[in-house]
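Before any comments, here is the structure.
If you're wondering where the values come from, they're calculated on a predicted model, not measured in any experiment.
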Amino acid sequence: MNLSSVRQAIASKVAALTGFQETTHSPDQFGRTQNTVAHRAFAVGMSSSSSMEERQRRAVGVYMNTPVEVIFSYRLRPLDIYPTDYDLALDTEQTVITGILGEYTTGTEFSIRYVNSVRAVTDSQEYIIITILFETLHTI
């Protein structure tokens, strides 16, 4: 399974969640300027990959570990910054995590596990940017 297929499979899972739309900005630029964020906008990035030893399978291709970042923004309404919308953003984060960890269609040959999450409220306090890190194991 090639890298773009892994990224696309994960992006499809997030896009299927209510209200989410993939941004046209690269994951590295997401959240750096105001015009890169919108309520429930998201990006899926893969900044590195590394090979792994594989004992259980035949040596066909390269067995890889690819960290995947799913970044999304959640709007914090001006009169409800804390705690109402903040709590809703945390609940949405959980929805994204469970959605990504759910079953994939046949033809997707990778395993995925949750690693951690990082949350940061923008300086304007209008959005919270949540970055969720997953680890994928796959063969190319």
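- Glu69 places none of its side-chain heavy atoms less than 4.5 Å from the side chain of Ile132.
- The aromatic ring centres of Phe20 and Phe72 sit less than 6.0 Å apart.
- Judged by distance alone, with hydrogens and angles left aside, the side-chain atoms of Lys13 form no donor-acceptor pair with the main-chain N or O of Ile97 at under 3.5 Å.
- Pairing each heavy atom of Ala11 with each of Phe42, the nearest pair is O-CZ, 3.5 Å.
- If you check the side chains of Ser117 and Glu93, you find a donor sitting under 3.5 Å from an acceptor.
- Asn65 places a side-chain heavy atom less than 4.5 Å from the side chain of Pro67.
- Scanning both residues, Gly31 and Ile129, for their nearest heavy atoms gives CA-CD1, 4.4 Å.
- In the hydrophobic clustering of ILVMFWY residues, with side-chain heavy atoms under 4.5 Å counting as a link, Val6 and Val115 come out apart.
- Using a cutoff of 4.0 Å between basic side-chain nitrogens and carboxylate oxygens, Glu22 and Arg7 are scored as salt-bridged.
- Side-chain N/O atoms of Thr66 and His138 include a donor and acceptor closer than 3.5 Å.
- Around atom CG of Asp123, no more than 12 heavy atoms belonging to other residues, nucleotides or ligands sit under 6.0 Å away.
- For the pair Tyr104/Phe110, a side-chain contact is recorded, criterion being any heavy-atom separation below 4.5 Å from C-beta on.
- Within 6.0 Å of the CD atom in Gln8, the count of heavy atoms belonging to other residues, nucleotides or ligands exceeds 12.
- Glu126 has no carboxylate O lying under 4.0 Å from a charged side-chain N of Arg77, or vice versa, which leaves the two without a salt bridge.
- Of all heavy-atom pairs spanning Pro27 and Gly45, the tightest one is CG-CA, 3.6 Å.
- Taking the side chain as every heavy atom from C-beta outward, Ser73 and Phe30 approach each other to under 4.5 Å.
- When all heavy atoms of Tyr127 and His39 are compared, the closest pair comes out as CE2-N, 3.6 Å.
- Cluster membership check: Leu133 does not share its hydrophobic cluster with Val96, using side-chain heavy-atom separations under 4.5 Å among Ile, Leu, Val, Met, Phe, Trp and Tyr.
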